[in-house]
There are 2 protein chains.
Amino acid sequence: MKKRHSHLLVHAPEPLANLTSRLRQSARRVTGPRQAILDLLRQQRRPMTNKEIHAAMAEGDCDLVTIYRSMHLLEEMGMVKRFDFGDGTARFELVTGDSHGHHHHLVCTSCSEIVEIDDCFAAELELRVAAAHGFKRVTHKLEFFGVCPGCQQKSLACKRPDRARRMPCGC
Amino acid sequence: MKKRHSHLLVHAPEPLANLTSRLRQSARRVTGPRQAILDLLRQQRRPMTNKEIHAAMAEGDCDLVTIYRSMHLLEEMGMVKRFDFGDGTARFELVTGDSHGHHHHLVCTSCSEIVEIDDCFAAELELRVAAAHGFKRVTHKLEFFGVCPGCQQKSLACKRPDRARRMPCGC
DNA sequence: CTGGTTGCAAACAATTTGCAACCCA
DNA sequence: TGGGTTGCAAATTGTTTGCAACCAG
């Protein structure tokens, strides 16, 4: 990471201030890559893969491995949330304090466009399921898949249905 | 695959008869491995990984690669369903015609025990989501995670929270 | 200074692919 | 017989780890 985005420190946007204090209290460091990642996630409000994040921060700013390690850390700290759209690559989104907590997505199986679904209607289901089977600390993963308006026209049927599960569907 | 499970042909259980006719009409072959896989899945009514399937059919019956290829085929034909519990390995379950169609699971994050949840309460949500965003052919994936009764006692807290996402949680 | 971090190379694990040998229909 | 199948080896891809150099506090 050559040059730190100093403007970040100036604005001291919420997530960053958050990061700083949280890191400090666990004897961890506020480093360039970590700041850059949060910054990126703050701009692009959409689930991003590690590779996308890496590519997005131009000029070999930091190693891909560092991204992986940072995401683990940030996830542990509850600053990002991991999503799994079934294509074998993890995606991460910034956890913004305001409202945008637990939510789901609607993913186009053709162009992989992602729509954020803000309300979570499954909370009540969790309770029901937990009660029915005696489980504790029950959470859930719920994602929707379909064909977006754009792809419906183009009638872009997937040529290789056996690969449909790979979201960034290169059929 | 040395010796074909001939008793399968005798009983001619539903899934197998199904397989035979379906394969034939698409100019594909009814082979030993395919029969063995369906047979296994019919017995062990639980989501199995390719590796588990492979291990289960003793004596190098068939190559792991063949399992992978077969699962793709069977999935395409709609005879098995793929599930993803977020641990990076696909699991498959037999699609039995009777009732047991679309359903979900409750997975213990500690011992990875899997409970089948028969009712799907999210069907209506699909419609709502589809309508709201103009998507077609909308489906969803929904799985629940928590700590099963057994693991609650043992209070087996995960030592490495950063790895909690790996279901067969070797923490 | 010094322990948390990073980069780089290498290890890993799940899955896929190429290709020649093989076998069901 | 012939095209779908399989086995084996090798390639791919996402992710993790070992380790020495490095830097934030």
Side-chain angles (χ1 to χ4, degrees), chain A residues 1-4 9 19-37 48-55 57 59-77 82 84-92 160 162-163 165-168 170-171, chain B residues 1-2 4 9 19-37 48-55 57 60-77 82 84-92 160 162-163 165-168 170-171:
Chain A
M1 176 98 205
K2 275 85 186 206
K3 171 177 42 165
R4 187 159 342 129
L9 300 176
L19 173 73
T20 305
S21 63
R22 292 218 219 177
L23 282 177
R24 294 222 168 105
Q25 43 187 92
S26 42
R28 323 204 73 158
R29 311 264 166 79
V30 179
T31 68
R34 290 173 187 173
Q35 293 176 55
I37 291 173
M48 295 181 80
T49 67
N50 283 339
K51 201 180 288 183
E52 285 172 342
I53 294 175
H54 183 236
M57 48 173 82
E59 38 157 334
D61 257 359
C62 103
D63 195 279
L64 178 58
V65 176
T66 299
I67 312 263
Y68 275 97
R69 286 194 270 231
S70 296
M71 297 324 285
H72 275 306
L73 177 66
L74 294 173
E75 188 185 12
E76 245 182 279
M77 298 176 57
R82 175 190 302 262
D84 176 11
F85 295 162
D87 66 339
T89 36
R91 282 176 172 72
F92 300 88
R160 305 191 53 176
D162 58 305
R163 295 218 183 152
R165 42 177 280 273
R166 294 190 180 174
M167 233 41 334
C171 306
Chain B
M1 177 96 206
K2 276 87 186 206
R4 189 161 336 130
L9 299 176
L19 172 72
T20 306
S21 63
R22 292 217 219 179
L23 282 177
R24 295 223 167 104
Q25 45 187 93
S26 43
R28 322 202 75 158
R29 311 266 166 80
V30 179
T31 68
R34 290 173 189 172
Q35 294 177 52
I37 291 174
M48 295 181 79
T49 67
N50 283 339
K51 202 181 287 183
E52 286 172 341
I53 294 175
H54 183 237
M57 48 173 87
D61 256 1
C62 103
D63 195 279
L64 177 58
V65 176
T66 299
I67 311 263
Y68 274 97
R69 285 195 271 231
S70 296
M71 296 324 284
H72 274 306
L73 177 66
L74 294 173
E75 188 185 11
E76 246 182 276
M77 298 176 58
R82 175 190 302 264
D84 176 11
F85 295 161
D87 65 340
T89 36
R91 282 177 172 71
F92 300 87
R160 305 192 52 176
D162 57 306
R163 294 217 186 153
R165 43 179 278 272
R166 293 189 181 176
M167 233 43 330
C171 305

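Chain identifiers are assigned alphabetically (A, B, ...) following the order of the sequence lines, protein sequences preceding nucleic acid strands; residue numbering begins at 1 within each chain.
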Euclidean distance, atom [atom1] of residue [X] to atom [atom2] of [N] [Å, nearest integer]:
{"X": "B/Gln35", "N": "C/dA25", "atom1": "CD", "atom2": "C1'", "result": "14 Å"}
{"X": "A/Asp63", "N": "D/dG18", "atom1": "CG", "atom2": "P", "result": "17 Å"}
{"X": "B/Asn50", "N": "C/dA13", "atom1": "CG", "atom2": "C1'", "result": "13 Å"}
{"X": "A/Met57", "N": "C/dT6", "atom1": "CE", "atom2": "P", "result": "11 Å"}
{"X": "A/Leu23", "N": "C/dT5", "atom1": "CG", "atom2": "C1'", "result": "12 Å"}
{"X": "B/Arg34", "N": "C/dC22", "atom1": "CZ", "atom2": "P", "result": "19 Å"}
{"X": "A/Arg29", "N": "C/dT5", "atom1": "CZ", "atom2": "C1'", "result": "8 Å"}
{"X": "A/Glu75", "N": "D/dT16", "atom1": "CD", "atom2": "C1'", "result": "15 Å"}

According to a strict under-4.0 Å criterion, is B/His72 in side-chain N/O contact with OP1 or OP2 of C/dT15? no
Out of curiosity, A/Asn50 CG to A/Leu64 CG, how far, rounded to the nearest 0.5 Å? 6.5 Å
Taking the side chain from A/His54 and the backbone from A/Asp63, do they hold a donor-acceptor pair closer than 3.5 Å? no
Taking B/Met77's backbone N and O only, do any of them form a donor-acceptor pair with B/Arg22's side chain (distance below 3.5 Å, no angle check)? yes
Just wondering, do A/Arg34 and A/Arg69 contact through their side chains at under 4.5 Å, heavy atoms? no
Within the 4.0 Å heavy-atom criterion, would you say B/Arg69 contacts the bases, only the backbone, or no part of the nucleic acid? base
Choose from [options] the nucleotide whose nearest atom is closest to any side-chain atom of [X].
{"X": "A/Tyr68", "options": "C/dT16, D/dT16, D/dG7", "value": "D/dT16"}
{"X": "A/Val65", "options": "C/dG18, D/dT16, C/dT15", "value": "D/dT16"}
{"X": "B/Thr31", "options": "D/dT15, C/dG18, D/dT5", "value": "D/dT5"}
{"X": "B/Val30", "options": "C/dA25, D/dT15, D/dT6", "value": "C/dA25"}
{"X": "B/Arg28", "options": "D/dC8, D/dG4, D/dA24", "value": "D/dG4"}
{"X": "A/Leu64", "options": "C/dT5, D/dT5, D/dT15", "value": "D/dT15"}
{"X": "B/Lys51", "options": "D/dG18, C/dA14, D/dC8", "value": "C/dA14"}

Would you sort out whether A/Leu23 and A/Thr31 count as a side chain to side chain contact (heavy atoms under 4.5 Å, CB included), showing the intermediate values? CA-CA 10 Å; A/Leu23 282 177; A/Thr31 68; over 6 Å; no
